[in-house]
Amino acid sequence: MEELIRSKLTPDQANAALDTSREVLCLACAGSGKSQTLAFRVARLISEGVHPSSIVAFTFTEKAAESIKRRIAQTLTLAGFSTNLIGQMYIGTIHAFCQNILGKADAKYRQYDVLDDNRLILFLMSRYPGLQIKPLRSRFGDRYFETIKEVAAAWKLCQDEGLDVSSVLALDSEVGTALELLKDSLDRDQYIDFGSMIRLVVEHSKNGSAAVNGALSEISHLLVDEYQDVSPSQEALIRAIHAQGASLFVVGDDDQAIYSWRGADVSNILSFRGRYRIQHMHTLDTNFRSTRAIVDVSTDFIAQELGAARLTKNPTNHRDVVPRELAKSLFNDRDEEADWVANRIEQLLGTQFTEKDGTVRGLTAGDIAILMRSTRGSEQSGEARHNPFTSRLTSKGIPFTLEAGSNPFDRPQVAALRDVFRLLAQGNPDRMQAKDLFDQSILPAYPGADFQRFTQVLSEWGRRIHAPAGGARQRLFPQNLVFDLLSAFQVATQPPAPEVMREIGLFSRMIQDVEGVYLSVDSTDRFRQVFHFLEFVADGGYNVSTDDVTQRPDAVSVATVHSAKGLEFPVVFVVDCQAGRFPGKNSNYRGLIPEQLVREAVQRGAYVGTRAAEARLFYTALTRAEAFLYVTGAANLPGGKRENKASPFTLRMSDPELIPITAVAGGFPTATRQPRINETILPTSFSDIRYYLHCPMDYRFRREWGFSPAVPELFGYGRAVHVAIEKLHELHPERPPTTVEAADVASGSFHLKHIAPSGDPKNRPGAYERAKNKAVEIAQQYVIEFADDFISRRQVEARFEIPADDCLITGSIDLLIKESQDGTIRDAEVIDFKAMEASNDPFGNSELDWLALSLQVQLYAKASREILQENAVSGSVHLLKDNQRIQVPVDPNAVQSAVENVEWAVQGILARHFPMRPQLSKCQQCDFQNLCRKQRQEFDPALGVPPPIHTPNGQLFAAAVQSI
């Protein structure tokens, strides 16, 4: 293995991959091949007999995990190992790892819904009266939303820094009380945020949790990517895993530490050698990405800016390409800068570029990035900072994508939807109001909109939203309002362009966030809160992004530097660089947490703006470029009151190849334009595949465009029943529980988020109580009829990833493992528990999709055999409502057919081929039936036809390929 590693890697990379020390620090300069190094280190561990299930690699994002998985797959193949081994490792984010660990420690955590930043704000809004937030408003000029956002920030800071709420309470009773009530409310309602996941695992470990420490002790080797960006709580988790016996290999670059503003602690990497007492470290200082001039100018810049505050690195370039160019300038005004950038992009299209493998091609729009510190609106003009650049690209017909930072309501079709919510929040509108809105906002955005249907939608929803108090309780589903409006706007027959549909889908996801967090939207006040969220939070909380899962669009990337981290482009324009803008001004800590509790964090540069943080961000921007780098700014900005001087960062740039913009070359050699071919392994869940095999247009609405159906009232019921079954196995691993014990567990763990319990459950039981009683009954029947399940060792919800052609199929699996008295495994059965009932005829029940159920069990059987190393000789679907267990074929032919269906679907997704495949029964149950014109389209003949799926009711073709 060492010979292979040394033949494929540089000496520095090879030494890092081969180092057997228990603690290793690997400094990886920009473009130095750290993913390759990580991959070969993993392959080396496998070759030495390390079990893959004991290898864990933390990545900063899921996209980074995909890249590393791809590298590991290639490396394992080179080394002669099966790529199936990837499925036994954990490679992903720290948050997802902790969520999995918590689920293993206590099945109840599998019911917890995850709150991102937007959902946390919605949670605070929806529980506002009970959280005692109102007293804090006086600190923010009585501004409701600013107060909400600051409370959310304070909560996240406590989690990331490991602060006890009691310490906050002791110094500030108002803030401490609000955070204590928030903590209790999150736990009671079973929600969890990213920071809390990590903190809980660390606390369970410190408190000696056998389940958590048992899981952590199974890790023999921990690898951490982007180590410079870990927070204190993440570092505490890393130390806890290391303390349980795992070796530690961390990779990072302190020069690219750009997340201090949200709590990342660069001192983790700066002080790593001293804290872990390691004798040496490895530095990857060969830059395979950029030209000599770009490497030297960026290295000299960061060394001069940070000096002794950084770890010394002296990167060198691996190759120089021709043509290349490095230039900078301060233009007179923004219009002049934007004009020049757009013109230069137009000139560079088709320019000859040589790839690392020697391939020569002409540059396309997808090879170019416009990066800026922020794309949000400026204080002076209110105009989004990207607008001058994107408007010029539009006028030239050059496609672009907004990777981050754009206001989703810049798109008139999205703004029109919010305008309707605004009108309805004010009251039930009259016909004149409806006509004004229709003419001014809706018709320009949706030329085919039907006014008569629009008034019907307004009338119906206006009546329901503003129903008088005291009547029968109703629950409104704003997502259905969105779909009713889009239907009236005739999107089925006159659909907007795909990029517009994607942004309408983002609006749908906003509404899904509301419905996922609010117990219900059942009054005028609640609906107004929904609109206020759209008006005051959503425009800044959601990023428009057209960064596809399957492939990057061939379009200019307009992005913030933060969102471009980890990417590379042949051509980069770093724009909006002038004094006071890049670098931005230093800022002080202004949060709600008492300053004495965050003093240490502030001293290291967290939660504030510093010159050092700005320098690292600028360095990161420069190092995204491969051959052409242009750094520009404008002296006079829209709405500005005075002329700006040149950025001190651009003034520090110096190199013999650096030229002023006025001296840029023309007439570079050209070649046929050809987009860069990116290697892709499409990560996909079973649900994604199921949607495509059901109807590709269904997949497109959900995954390509991001539309979400309304949250059903009994949403989460199946999960609640499933958790009760898991909890029974967790508490009774060796004997069947009694029916009394089963009832206690099912009752104690039962939770539904979207149905409130009755105020008088004994005398007036409602839907919540009826659902709970049914769950108890299911659990009792299960322990009676399937008592033998408890004599088996059960591996609950084991994660897996199956490498198939161009994809990774991800999921989790329930296994019933039967053992002999000596511990020998005799049989493993895949079980798919569903909170459904078969009635008298399980194959005649339209709610049971046996194609999807069979496919799922067969994929799980494959994972059981090849990934989890358990020989699943049988598979079944367990219908919990009437405790029927129906066998599903899992023989090799059935499994192979399932895999071929998956690979067929993936090829269609990669080809962006989404034909409509309507059938009466399918369309009647489709969430998007009123948004689709239901016009049958044929598949591309090149895709062929997948084989039939083996079901308990015979072999059947996937619904998408069935004839009408």
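Quick note: numbers below take in every heavy atom, side chains included, and nothing from hydrogens, waters or symmetry partners. Positions are given from 1 along the sequence.
Contact of the Pro232 side chain with the Arg604 side chain is registered, since non-hydrogen atoms from C-beta on lie closer than 4.5 Å. The closest side-chain heavy-atom distance from Arg676 to Pro570 is below 4.5 Å. Contact check for Leu306 versus Arg616: side-chain heavy atoms found under the 4.5 Å cut-off. Within the 4.5 Å cutoff, the side chain of Arg581 has heavy atoms near those of the Ser374 side chain. Using a 4.5 Å heavy-atom cutoff, the side chains of Pro315 and Ser32 are not in contact. Contact of the Ile370 side chain with the Leu393 side chain is registered, since non-hydrogen atoms from C-beta on lie closer than 4.5 Å. The shortest side-chain heavy-atom distance between Phe400 and Thr394 falls under the 4.5 Å cut-off. Arg334 is listed as a side-chain neighbour of Gln578, based on a closest heavy-atom distance under 4.5 Å.
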Q) Can you list the steps and then say if Arg624 with Val574 is a side chain to side chain contact (heavy atoms under 4.5 Å, CB included)? A) CA-CA 10 Å; Arg624 299 310 94 197; Val574 185; over 6 Å; no
Q: List the steps and the verdict of side chain to side chain contact (heavy atoms under 4.5 Å, CB included) for Val598 and Tyr589.
A: CA-CA 9 Å; Val598 295; Tyr589 172 74; 3.6 Å; yes
Q: Report the C-alpha separation of Phe353 and Val571 in whole Å, then their side-chain angles, then the decisive distance to 0.1 Å, and conclude whether the side chain to side chain contact (heavy atoms under 4.5 Å, CB included) test is met.
A: CA-CA 10 Å; Phe353 181 76; Val571 184; over 6 Å; no
Q: Evaluate salt bridge (charged side-chain N to carboxylate O under 4.0 Å, His left out) for Arg912 paired with Glu704, printing each intermediate quantity in order.
A: CA-CA 9 Å; Arg912 307 178 72 80; Glu704 173 94 349; 2.5 Å; yes
Q: Take Val230 and Val250 through the test side chain to side chain contact (heavy atoms under 4.5 Å, CB included) and record every step on the way to the result.
A: CA-CA 11 Å; Val230 301; Val250 301; over 6 Å; no
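Asn644 pairs in a side chain to side chain contact (heavy atoms under 4.5 Å, CB included) with only one of the listed residues (Asn636, Leu637, Leu330), which is Leu637.
Lys328 places a side-chain N or O within donor-acceptor distance of the main-chain N or O of Thr650, the cut-off being under 3.5 Å. Panel note: side chain Glu325, backbone Val664; no donor-acceptor pair is recorded below 3.5 Å. Judged purely by atom type and a 3.5 angstrom limit, Tyr607 has no side-chain atom pairing as donor or acceptor with the backbone of Val602. A donor-acceptor contact shorter than 3.5 Å is absent between the side chain of Ser563 and the backbone of Ala559. Here the side chain of Glu337 pairs a donor or acceptor atom with the backbone of Asp576 at under 3.5 angstrom. At distances below 3.5 Å, not a single donor-acceptor pair connects side-chain atoms of Thr364 with backbone N or O atoms of Arg673. Panel note: side chain Asp253, backbone Cys29; no donor-acceptor pair is recorded below 3.5 Å. Between the Glu643 side chain and the Ala635 main chain, no donor and acceptor come within less than 3.5 Å of each other. Judged purely by atom type and a 3.5 angstrom limit, Arg71 has no side-chain atom pairing as donor or acceptor with the backbone of Ser67. Under a 3.5 Å cut-off, the side chain of Asp254 and the backbone N or O of Leu311 do form a donor-acceptor pair.
Distance CG/Leu349 to CD1/Ile398: 5.5 Å, rounded to 0.5 Å. Annotation: the span from Ile258 atom CD1 to His562 atom NE2 amounts to 4.5 Å, rounded to 0.5 Å. Separating the CD1 atom in Ile148 from the CZ atom in Arg143 is a distance of 14.0 Å, to the nearest 0.5 Å. In this structure, OG1 on Thr632 lies 9.0 Å from CE on Met372, to the nearest 0.5 angstrom. To the nearest 0.5 Å, the span separating CD1 on Ile368 from CD1 on Ile345 amounts to 5.5 Å. Taking CG from Leu27 and NZ from Lys34, the interatomic distance works out to 11.5 Å, rounded to the nearest 0.5 Å.
A donor-acceptor pair shorter than 3.5 Å cannot be found between the side chains of Asp12 and Thr10. A donor atom on one side chain and an acceptor atom on the other are not found under 3.5 Å apart for Tyr259 and Gln228.
Salt-bridge check for Glu614 with Arg373: passed, with a basic side-chain N closer than 4.0 Å to an acidic carboxylate O. Residues Glu305 and Arg611 are paired through a salt bridge, judged by an N-O separation under 4.0 Å between the basic side chain and the carboxylate. Looking at Arg262 and Asp117, no side-chain N of the basic residue comes within less than 4.0 Å of a carboxylate O on the acidic one, giving no salt bridge.
Minimum interatomic distance between Tyr446 and Ala416 (heavy atoms only, all atoms of both residues): CE1-CB, 4.1 Å. Listed here is the closest heavy atom pair of Asp554 and Pro675: OD2-CG, 3.6 Å.
Under the side chain to side chain donor-acceptor pair (under 3.5 Å) criterion, Arg392 pairs with Asp335, Asp339, sequence neighbours left out. Applying the side chain to side chain contact (heavy atoms under 4.5 Å, CB included) rule to Ala293 yields the partners Thr291, Leu326, Asp655, Glu657; only residues at least two apart in sequence or on another chain are considered. Residues meeting the ring pair (Phe, Tyr, Trp, His ring centres under 6.0 Å) test with Phe145, sequence neighbours left out: Phe536. Not a single side chain to side chain donor-acceptor pair (under 3.5 Å) links His318 to another residue, sequence neighbours left out. Residues satisfying the ring pair (Phe, Tyr, Trp, His ring centres under 6.0 Å) test with Phe618, not counting sequence neighbours, are Phe301, Phe582, Phe649. The ring pair (Phe, Tyr, Trp, His ring centres under 6.0 Å) search around Phe628 returns Phe668, not counting sequence neighbours. Partners of Leu9 according to the side chain to side chain contact (heavy atoms under 4.5 Å, CB included) rule, which considers only residues two or more places apart in sequence or in another chain, are Ile5, Gln13, Ala14, Ala17, Gln36, Phe40. Partners of Arg319 by side chain to side chain donor-acceptor pair (under 3.5 Å), not counting sequence neighbours: none found. By the ring pair (Phe, Tyr, Trp, His ring centres under 6.0 Å) test, Tyr227 pairs with Phe272, sequence neighbours left out. Partners of Asp513 under the side chain to side chain donor-acceptor pair (under 3.5 Å) rule, at least two apart in sequence or in another chain, are Arg119, Tyr542.
Screening residues 565-575 for salt bridge (Lys or Arg N to Asp or Glu O under 4.0 Å) gives Glu226-Lys565, Asp229-Lys565, Arg289-Glu568, Lys356-Glu568 as the qualifying pairs, with residues at least two apart or on separate chains. Applying the side-chain hydrogen bond (donor to acceptor under 3.5 Å, both in side chains) definition to pairs two or more places apart or across chains, those involving residues 294-303 are Arg292-Asp296.
Heavy atoms from other residues, nucleotides or ligands lying under 6.0 Å from NZ of Lys396 number more than 12.
Ring geometry, Trp340 versus Tyr630: the interplanar angle exceeds 60°, so the pair is classed perpendicular (tilted spans 30 to 60°).
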